[in-house]
Student: 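I have a structure here, written as structure tokens, and I will follow up with some questions on it.
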Amino acid sequence: MDQDSDGETSSSVCSEGGPHDRQPCDNRAEPECCFLALAVKMRVAAYVSAVMLTCAWCVLSEPRLEVPMTLVRNASHQGALCLDGSLPAYHLHRGFGAGATNWLLQFEGGGWCNDLESCFERAGTRRGSTRYMSKFEVFSGILSNNASLNPDFYNWNRVKLRYCDGASFAGDAKFDNGTSILYFRGQKIWRAIINDLLPKGLSKAKKALLSGCSAGGLASFLHCDNFTSFLPQNASVKCLSDAGFFLDEKDISLNHSMRAFYEELISLQGVEKNLHENCTSSLHYPHLFHHILVPPTADLHGRWNRCKLDPAACNPNQLSILQGFRKDMLTALKQFYTYSRRGGMFINSCFAHCQSESQDTWLAIDSPRVNNKRRITKEIDCAYPCDTTCHNLIPLP
């Protein structure tokens, strides 16, 4: 089964990267999480309002920034190949001015594959092969080079890492039956791309943000500590997971259907050896992997179809189940919320998946807010449907 992500409550979590980020980004004794999901620095309120009112039109009129693909030419020598054996790739747009020594790396998302059938199918698509990927990517939202639309990162070196392994850049295995081959080399792809970027300036980064959405958001968790090991000791390093915090929960039929999915994925792609021991010491890898509340196997009669496509069509019982899922997520995050002094979170109650890559949800005149804030350290939204700033974006199947 090839699994894409859809989430009812959208969350973003920002954390320190590894043991040696040790320069507060704003040089305060007690820093807030400076680079967190949907983080746009709040200027003086009147200034923010003026900028947004005068620049509202530019969200629509701004020309698209299309960035060409870079193939990692020596990747095969490192054993770093996409599912089908094609070379991995990324898109790099150079920074300038004060941001020339700062780097933002964004993992692409796109679900997972957990068995041979789904991985072979995936290998023939853009999700498993750079042969089928667009050779240019539009950089918007957190990747935009427009100072009005992305004031914190517009002049940084911004990189989009293309996703072609089906296991959040974490696998290290190979299937070969003599006639067909699949390469599960996400971990090696990650390292090959980093090795390609280091001589291009990443090795001298002063500030760095590792981010990603969905399956890419999970990748940002998995590789956060490792990322810091490639950077200077005095670099300020942060990691951002946009819609990448996944729960191990029962579906509506009270089965752990997604738990089995991930156990198969981990076994097939050789992921376990690349997971942190705090994760693997738990039998079911809690709080890391995607849970879909209503998988097709749990809704054979399609009673949730309308609700999944339009939250306004959910009946009271369905909304109650969704609110229960939200409460479980907040419970899972409680320890981080209470005790993390440097980490941050921005959790809104919008029916949306991935909000950092889209301009209208990253920074626009009507982009989502929590308690009328965009830049916060830790903020949790009220329960759906109270937030009128939401963009309820239901992903297509």
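Heavy-atom basis, side chains included; hydrogens, waters and symmetry copies ignored.
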Student: For residues L319 and V294: do they belong to one hydrophobic cluster (side chain heavy atoms under 4.5 Å, members Ile, Leu, Val, Met, Phe, Trp, Tyr)?
Tutor: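 As far as the 4.5 Å side-chain criterion goes, V294 and L319 are connected within one cluster.
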Student: Taking side chain as C-beta onward, heavy atoms only, is Q318 less than 4.5 Å from I252?
Tutor: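 No. Closest side-chain heavy atoms not under 4.5 Å.
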Student: Is there a donor-acceptor pair closer than 3.5 Å between any side-chain N or O of H391 and the backbone N or O of D366?
Tutor: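 Checking the backbone N and O of D366 against the side chain of H391, a donor-acceptor pair under 3.5 Å is found.
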Student: What do you reckon, are the aromatic ring centroids of W112 and F246 less than 6.0 Å apart?
Tutor: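 Between W112 and F246, the centre distance is under 6.0 Å.
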Student: If two hydrophobic side chains count as joined below 4.5 Å and joins carry through other members, does L71 share a cluster with Y132?
Tutor: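 L71 does not cluster with Y132.
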Student: Say whether D328 and T331, considering side chains only, have a donor N or O and an acceptor N or O under 3.5 Å apart.
Tutor: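 Absent: no donor and acceptor within the cut-off.
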Student: Report yes if the distance between the aromatic ring centroids of Y163 and F169 is under 6.0 Å, otherwise no.
Tutor: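 Yes - the distance between ring centres of Y163 and F169 falls below the 6.0 Å cut-off.
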Student: Can a donor-acceptor pair be found, under 3.5 Å and without considering hydrogens, that links the side chain of N74 to the backbone of H77?
Tutor: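 No, the answer is negative, given that no donor and acceptor are paired below the 3.5 Å cut-off.
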Student: Answer yes or no: are there more than 12 heavy-atom neighbours, outside K327 itself, under 6.0 Å from its atom NZ?
Tutor: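 Atom NZ in K327 is not packed in, count stays at 12 or less.
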Student: Do the side chain of S203 and the main chain of L198 share a donor and acceptor less than 3.5 angstrom apart?
Tutor: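 The answer is yes, because a donor-acceptor pair under 3.5 Å joins these two groups.
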Student: Quick check: do Y384 and P311 have side-chain heavy atoms less than 4.5 Å from each other?
Tutor: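 Y384 vs P311: side chains touch.
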Student: Can a donor-acceptor pair be found between the side chains of T70 and H91 at a distance below 3.5 Å?
Tutor: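 T70 vs H91: no donor-acceptor pair found between side chains.
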Student: Quick check: is L87 connected to I189 through a chain of hydrophobic side chains (ILVMFWY, heavy atoms under 4.5 Å apart)?
Tutor: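 No: no chain of side-chain contacts under 4.5 Å links I189 to L87.
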Student: Are I194 and L202 close enough, and set up right, to give a side chain to side chain contact (heavy atoms under 4.5 Å, CB included), and what steps lead you there?
Tutor: CA-CA 8 Å; I194 290 294; L202 180 61; 4.0 Å; yes
Student: Does R185 come within less than 4.0 Å of D165, counting only side-chain N to carboxylate O?
Tutor: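 Here R185 does not pair with D165 in a salt bridge, since their nearest N and O are not under 4.0 Å apart.
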Student: Enter the distance from F120:CZ to C113:SG here, rounded to the nearest 0.5 Å.
Tutor: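 Result: 10.5 Å between the selected atoms.
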Student: Please report the interatomic distance CG(N348) to CZ(F346), rounded to the nearest 0.5 Å.
Tutor: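 One gets 5.0 Å once the value is rounded to the nearest 0.5 Å.
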Student: Closest approach of A89 and I193, non-hydrogen atoms and distance?
Tutor: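 Smallest interatomic distance, heavy atoms only, reads O-CD1, 3.7 Å.
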Student: For L149 versus S144, what's the shortest heavy-atom pair and its separation?
Tutor: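 That closest heavy-atom pairing would be CB-OG, 4.2 Å.
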Student: I'd like to know if the side chain of T361 reaches the main chain of Q355, judged simply by a donor and an acceptor atom lying under 3.5 Å from each other, with no hydrogens or angles considered.
Tutor: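 Looks like yes, one N/O pair under 3.5 Å.
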Student: Given S86, which of S129, S76, C164 fulfils the side-chain contact (heavy atoms from CB on, under 4.5 Å) condition?
Tutor: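 Going through the options one by one, the only one that passes is S129.
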Student: Any side-chain heavy-atom pair from K160 and Y90 closer than 4.5 angstrom?
Tutor: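 Of all side-chain heavy-atom pairs linking Y90 with K160, none is under 4.5 Å.
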Student: With distance as the sole test, does N102 use its side chain to make a donor-acceptor pair with the main-chain N or O of W156 at under 3.5 Å?
Tutor: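 Not confirmed, N102 side chain does not pair with W156 backbone.
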Student: So how far is it from F107 CZ to D242 CG, rounded to the nearest 0.5 Å?
Tutor: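 Rounded to the nearest 0.5 Å, the CZ-CG separation comes out at 14.0 Å.
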Student: Quick one, Q323 with R326, criterion side chain to side chain contact (heavy atoms under 4.5 Å, CB included). Give me CA distance, side-chain angles, the key distance, then yes/no.
Tutor: CA-CA 5 Å; Q323 301 292 16; R326 170 183 179 271; 3.9 Å; yes
Student: Identify the two heavy atoms, one from C350 and one from D387, that lie closest to each other, and give their separation to 0.1 Å.
Tutor: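 In this case the closest contact between C350 and D387 is SG-OD2, 4.4 Å.
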Student: Show the nearest heavy-atom pair for residues L81 and P88, with the distance to one decimal.
Tutor: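 That would be CA-CD, 4.5 Å.
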Student: If hydrophobic clusters are built from ILVMFWY residues whose side chains come within less than 4.5 Å, do M69 and V159 share one?
Tutor: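 They do not share one cluster, since no chain of ILVMFWY contacts under 4.5 Å joins M69 to V159.
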Student: Assess the residue pair L182 and K174 against the criterion (side chain to side chain contact (heavy atoms under 4.5 Å, CB included)); give the C-alpha distance rounded to whole Å, side-chain angles, the decisive distance to 0.1 Å, and a yes or no.
Tutor: CA-CA 6 Å; L182 282 172; K174 177 182 176 181; over 6 Å; no
Student: Locate the shortest heavy-atom distance separating I347 from L330; write the atom from each residue and the value.
Tutor: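 What the structure gives for the nearest pair is CD1-CD2, 4.2 Å.
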Student: Could you measure the distance from the CH2 atom of W103 to the NZ atom of K200? Nearest 0.5 Å is fine.
Tutor: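 The distance works out to 8.0 Å.
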Student: Hey, could you give me the OH/CG distance between Y154 and N146, rounded to the nearest 0.5 Å?
Tutor: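 It is 9.5 Å, given to the nearest 0.5 Å.
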Student: Do side-chain atoms of D196 reach the backbone of A192 as a donor and acceptor pair under 3.5 angstrom?
Tutor: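 Not confirmed, D196 side chain does not pair with A192 backbone.
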Student: Kindly indicate whether the side chain of W190, heavy atoms from C-beta on, has any atom under 4.5 Å from the side chain of N226.
Tutor: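 Yes, close enough: below the 4.5 Å cut-off.
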Student: Is any side-chain heavy atom of N145 closer than 4.5 Å to one of N155?
Tutor: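 The answer is no, as the side chains (C-beta and beyond) never meet within the 4.5 Å cut-off.
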Student: What's the separation between atom CZ in R122 and atom CZ in R127, rounded to the nearest 0.5 Å?
Tutor: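 The CZ atom of R122 sits 6.5 Å away from the CZ atom of R127.
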Student: Is there side-chain contact between Q187 and H223, with at least one heavy-atom pair below 4.5 Å?
Tutor: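 Yes, their side chains come closer than 4.5 Å.
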Student: If only atom types and distance count, is the side chain of T101 paired as donor or acceptor with the main-chain N or O of A205 below 3.5 Å?
Tutor: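 Answer holds: no.
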Student: With side chain to side chain contact (heavy atoms under 4.5 Å, CB included) as the test, would you mind laying out the steps for M345 and I380 before giving the verdict?
Tutor: CA-CA 8 Å; M345 61 174 66; I380 298 175; 4.2 Å; yes
Student: For E137 and S134, which I'm curious about, is there any donor-acceptor pair between the side chains at under 3.5 Å?
Tutor: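 Yes - a donor-acceptor pair under 3.5 Å links their side chains.
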Student: Closer than 3.5 angstrom, by distance alone: can the side chain of K273 be matched with the main-chain N or O of D172 as a donor-acceptor pair?
Tutor: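 Such a contact is found between K273 side chain and D172 backbone.
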Student: Taking all non-hydrogen atoms of both residues, which atom of L268 and which atom of F184 are closest, and how far apart?
Tutor: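 Shortest heavy-atom separation between L268 and F184 comes out as O-CD1, 3.7 Å.
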Student: Contact between D84 and Y183 at the side-chain level, heavy atoms closer than 4.5 Å - yes or no?
Tutor: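 Contact flag for D84/Y183 side chains = no.
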Student: I'd like to know if F139 and F96 are part of one continuous hydrophobic network [Ile/Leu/Val/Met/Phe/Trp/Tyr, side-chain heavy atoms within less than 4.5 Å].
Tutor: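 Different clusters: F96 never reaches F139 through Ile, Leu, Val, Met, Phe, Trp or Tyr contacts under 4.5 Å.
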Student: Measure from the side-chain N and O atoms of S168 to the backbone N and O of A215, and report whether any donor-acceptor pair falls under 3.5 Å.
Tutor: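 At least one qualifying donor-acceptor pair exists.
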Student: Say whether, by atom type as modelled, one donor and one acceptor occur between the side chain of R158 and the main chain of L143 under 3.5 angstrom.
Tutor: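 Side chain of R158 to backbone of L143: a pair is present.
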Student: Quick one: are Q359 and W362 in side-chain contact, heavy atoms under 4.5 Å?
Tutor: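 Answer yes - side chains close enough.
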